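Remember, predicted model here, so these are calculated numbers, not experimental data. A, B, ... follow the sequence lines: proteins, then strands. Residue 1 opens every chain. All heavy atoms count here, side chains included; hydrogens, waters and symmetry mates do not.
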Amino acid sequence: MHCCYYHTANLLLTWRHKGIIMSEGAEKMDEDPQYGGCEGPDATYVKLRSSDNHEFIVKREHALTSGTIRNMLSGPGQFKENETNEVTFKEIPSHVLQMVCMYFTYKVRYTNSSTEIPDFQIDPKVALELLMAANFLYC
Amino acid sequence: MDIYMMIRRQKTTIFTDAKENTSVMELKRILEGILKVSPENQKLFKDETEMEDTKTLQDCGLTSSTAQAHKPATLVLCFRQEDGEFEAPEVVPYSTPPELPDVMRPQQETAPAEQIAS
C-alpha cells in the first residue's frame, strides 16, 4: 500500500515537472514545443513577458541583474517561473520592458569595464514608467 | 568585437550578442537553440534586406558602432510556413508611452506589487 502512494507521488512530481499538471496561480504560457534555450534550471535564456503579451528572450545572466527576477528564478522551487524560466509582468508594458532589457545588456557589458562608458539614453516620455519598473525590478 | 542585436518576429524579441565575424548561419543556429526551428526554416532580414547564410554579421552592416549594448540593432526573423513559403516579415510594434503632462504627474499608475522569495 505504501509503495503505491510513493509511486503515485513520484508520478505526480514527474508530471508536474513536465508541465502536464498546472500548478495553482501561474499559467503555463507555452505549449509543448519548449524553447530549448529556455529549458531547465541551467538554461541560457529566460523569457520575460510584458503586459501586452510581448515576449522578450534575454540571457539568464543578464536577467539576473534584476533582484526581483533573480529571486523569482532562483528562489525555492515554489515559483512556477523557476521551472519554465518565464516571468510575466502584468504591469510593465512592452516599450518599458524593451528598455529594461537593453539596460541589462548595457549593465553587463560595461560593469567593471575600462573602456569609455557611453550614456544610457532615456526618452523623457518613458522615464516615469521606467522608473517604476526599475523600482519593482530592483535594478 | 561583440555586437548586440534584437531579433524580432511578431510579438517575440530576442536579445543576444555575437562576434562581428560570426556568420549568419551561426546566428541561425543560436536561434535554433532558443526557438527550436531549424536554420533552413529561418530567414533573417536587416532593414528589409535578406541576410545570406554565408555572410558574416559585419558584412551585413552590423558593427560595434551600429549595434551597441544599449542600442542594439534590430533584425527581423521569419519562419517557413507549412505550405513551404516563408511568412511575410511582420513585427508587432511595442506599446506607446503616454503623453508627457505639462508639469503635473500622471495620476493613473498602479502601485507595483513586490514579490520577495524568502
Side-chain angles (χ1 to χ4, degrees), chain A residues 33-38 44-45 47 50-59 62 67-68 70-72 74-76 78-79 82 89-99 101-110 118-121 123-130 132-133 135-138, chain B residues 1-18 27 29-38 41 64-65 67-74 77 79 91-118:
Chain A
Q34 279 129 359
Y35 295 171
C38 295
T44 321
Y45 291 88
K47 216 196 290 187
S50 69
S51 59
D52 49 350
N53 249 332
H54 265 89
E55 298 175 344
F56 293 84
I57 300 177
V58 297
K59 287 200 173 146
H62 290 359
T68 310
R70 186 165 52 236
N71 287 336
M72 284 181 183
S74 52
Q78 64 201 68
F79 284 120
N82 196 16
F89 297 107
K90 287 201 181 129
E91 290 150 3
I92 304 185
S94 51
H95 65 281
V96 176
L97 197 48
Q98 179 201 15
M99 300 227 66
C101 292
M102 297 202 305
Y103 176 71
F104 288 155
T105 324
Y106 172 77
K107 172 123 198 256
V108 171
R109 163 74 179 88
Y110 291 111
D119 279 340
F120 187 75
Q121 304 286 335
D123 182 10
K125 282 193 184 147
V126 186
L128 181 60
E129 292 172 298
L130 192 57
M132 287 173 15
N135 182 41
F136 172 64
L137 292 173
Y138 201 64
Chain B
M1 282 296 300
D2 277 339
I3 53 166
Y4 297 86
M5 301 156 283
M6 292 193 293
I7 298 169
R8 300 190 59 183
R9 174 186 174 263
Q10 295 177 4
K11 278 198 151 188
T12 306
T13 308
I14 303 174
F15 281 78
T16 189
D17 56 86
L27 183 60
R29 293 233 171 270
I30 295 175
L31 295 175
E32 181 185 15
I34 303 173
L35 300 171
K36 287 297 196 233
V37 171
S38 91
N41 294 334
S64 47
S65 46
Q68 299 168 317
H70 56 299
K71 286 183 192 157
T74 302
L77 174 66
F79 289 154
V91 164
V92 178
Y94 296 131
S95 44
T96 46
E99 284 303 314
L100 263 184
D102 293 336
V103 209
M104 296 188 289
R105 294 173 59 88
Q107 66 207 43
Q108 34 84 353
E109 274 80 17
T110 54
E114 295 228 325
Q115 289 179 24
I116 303 201
S118 55

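- For His54(A) and Gln98(A), the side-chain atoms include no donor-acceptor pair closer than 3.5 Å.
- For chain B, no part of Tyr138(A) is nearby; none of its heavy atoms comes within less than 4.5 Å.
- Between the side chains of Ser50(A) and Tyr94(B), not a single donor N or O lies within less than 3.5 Å of an accepting N or O.
- The aromatic rings of Tyr103(A) and Phe120(A) sit perpendicular to each other, their planes meeting at more than 60°, with 30° as the lower class boundary.
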Worked verdict on Met102(A) versus Lys71(B) for side-chain contact (heavy atoms from CB on, under 4.5 Å): CA-CA 7 Å; Met102(A) 297 202 305; Lys71(B) 286 183 192 157; over 6 Å; no
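- Heavy-atom pairs under 4.5 Å with chain A peak, among Ala69(B), Ser95(B), Pro97(B), at Ser95(B).
- For chain A, the nearby part of Ile30(B) is the side chain; its heavy atoms alone come within less than 4.5 Å.
- Judged purely by atom type and a 3.5 angstrom limit, Tyr106(A) uses its side chain to pair as donor or acceptor with the backbone of Pro118(A).
- Considering only heavy-atom pairs separated by less than 4.5 Å from chain B, the leading option among Lys107(A), Lys59(A), Arg109(A) is Arg109(A).
- Neither the backbone nor the side chain of Gln68(B) comes within contact range of chain A; no heavy atoms are under 4.5 Å apart.
- Each of Ser94(A), Gly67(A), Cys101(A) has some count of heavy-atom pairs under 4.5 Å with chain B, and the biggest count is that of Ser94(A).
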